[in-house]
Amino acid sequence: KGKILIEVGKREEAISCFEKIISPDCNEFWIWTDLGMVFAEMEKNEEAIGCFDKAIGLNYHSHVPWNNKGYVLNKMGEYEEALKCCDEVIRMNPNYALAYFNKGNGFKGIGKYEGAVGCYDKSIVLGPSYADAYFEKGNALRAMGKSTEAVDCYEKAVSLNPDHKD
């Protein structure tokens, strides 16, 4: 029920649903992972990180909570820690496009734009229809002064997802 509530945008109700079945000694890593994403979507980043850490402790070898933790750390501006999470994800699942996207965001956050472009390129190879990777690659290229290449990336992003109009 909690997952369905998330899908329809009823996050507070989803949290309530998860809290009914979860306890500090709950050993279901997926529940902690899902609850962490609900908190992340609500900008409750510390709570999200706590849930992902619990999920990682329960199933260290699942790349999903590591990836989600990296995503939230990037949002918090904790880029170096986010990069460490991304490296763990890539070690576990080197074909996971989102890991390279998140790693690109981490590199972009610390001003390593060439590294970011390389990660976005890898994300695009693994997930060629991922508009956000093209868009963020465009942002990194623009920061490097490569406006023509950036425009090409933005155009590709818009062709894949018309919502990328900014």
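Every value quoted in this text rests on a predicted model; they were computed, and no experiment measured them.
- Proximity of Cys119 to Phe107: side-chain heavy atoms (C-beta onward) are separated by under 4.5 Å at one or more points.
- Here the shortest heavy-atom pairing between Lys122 and Pro94 reads CE-O, 4.4 Å.
- Put simply, the residue from Tyr100, Trp66, Tyr96 that forms a side chain to side chain contact (heavy atoms under 4.5 Å, CB included) with Ile90 is Tyr100.
- Glu81 has its side chain out of reach of Lys69: every pair of non-hydrogen atoms, C-beta onward, lies at least 4.5 Å apart.
- Under the salt bridge (Lys or Arg N to Asp or Glu O under 4.0 Å) criterion, Asp152 pairs with no residue, sequence neighbours left out.
- Taking every heavy atom of both residues into account, Gly36 and Phe52 meet most closely at C-CZ, 3.4 Å.
- Contact annotation: the side chain of Asn74 approaches that of Tyr79 to within less than 4.5 Å [non-hydrogen atoms, C-beta and beyond].
- Cluster partners of Val151: none. The rule joins Ile, Leu, Val, Met, Phe, Trp and Tyr whenever side-chain heavy atoms lie under 4.5 Å apart, and it links nothing here.
- By the rule that hydrophobic residues join a cluster once side-chain heavy atoms approach within less than 4.5 Å of another member, Val72 and Met37 end up as members of one cluster.
- Cluster membership for Leu73 and Leu83, using ILVMFWY side-chain heavy atoms within less than 4.5 angstrom, is not shared.
- The heavy-atom pair separating Ala82 from Gly70 by the smallest distance is CB-O, 3.4 Å.
- Between Asn67 and Asn102, the side chains place a donor N or O and an acceptor N or O closer than 3.5 Å (distance only, hydrogens not considered).
- Taking the six-membered ring where the residue is Trp, Phe101 and Tyr120 present tilted rings, their angle falling between 30° and 60°.
- Environment of CD in Glu114: sparse, with no more than 12 heavy atoms of neighbouring residues, nucleotides or ligands closer than 6.0 Å.
- Linking Ile, Leu, Val, Met, Phe, Trp and Tyr residues whenever their side-chain heavy atoms come within less than 4.5 Å places Ile124 and Leu160 in a single cluster.
- Lys146 NZ to Cys153 SG: the interatomic distance, rounded to the nearest 0.5 Å, is 11.0 Å.
- Between Cys86 atom SG and Arg91 atom CZ the span is 13.5 Å, to the nearest 0.5 Å.
- Asn68 meets the side-chain hydrogen bond (donor to acceptor under 3.5 Å, both in side chains) test with no other residue; sequence neighbours excluded.
- Looking at Asn139 and Tyr113, their side chains never bring a donor and an acceptor atom within 3.5 Å of each other.
- Distance CD/Glu78 to CD/Glu80: 10.0 Å, rounded to 0.5 Å.
- In this structure, CD on Glu28 lies 11.0 Å from CG on Asp34, to the nearest 0.5 angstrom.
- Proximity of a side-chain donor or acceptor of Ser123 to a complementary backbone N or O of Leu98 within less than 3.5 Å is not detected.
- Residues Met76 and Ile49 have side chains in contact (heavy-atom distance under 4.5 Å, counting atoms from C-beta outward).
- A 4.5 Å side-chain heavy-atom check between Glu149 and Val117 finds every atom pair outside the cut-off.
- Residues Glu88 and Tyr60 meet the side-chain proximity criterion, which asks for heavy atoms closer than 4.5 Å.
- Judged by distance alone, with hydrogens and angles left aside, the side-chain atoms of Lys75 form a donor-acceptor pair with the main-chain N or O of Ala40 at under 3.5 Å.
- Looking at heavy atoms from C-beta onward, Phe135 lies in side-chain contact with Tyr154 at the 4.5 angstrom threshold.
- With a 4.5 Å cut-off on side-chain heavy atoms, Thr33 and Asn59 do not count as touching.
- Rounding to the nearest 0.5 Å places CE of Met42 at 9.0 Å from CD of Glu47.
- Taken from CZ in Phe29 to OG in Ser62, the straight-line distance is 3.5 Å, to the nearest 0.5 Å.
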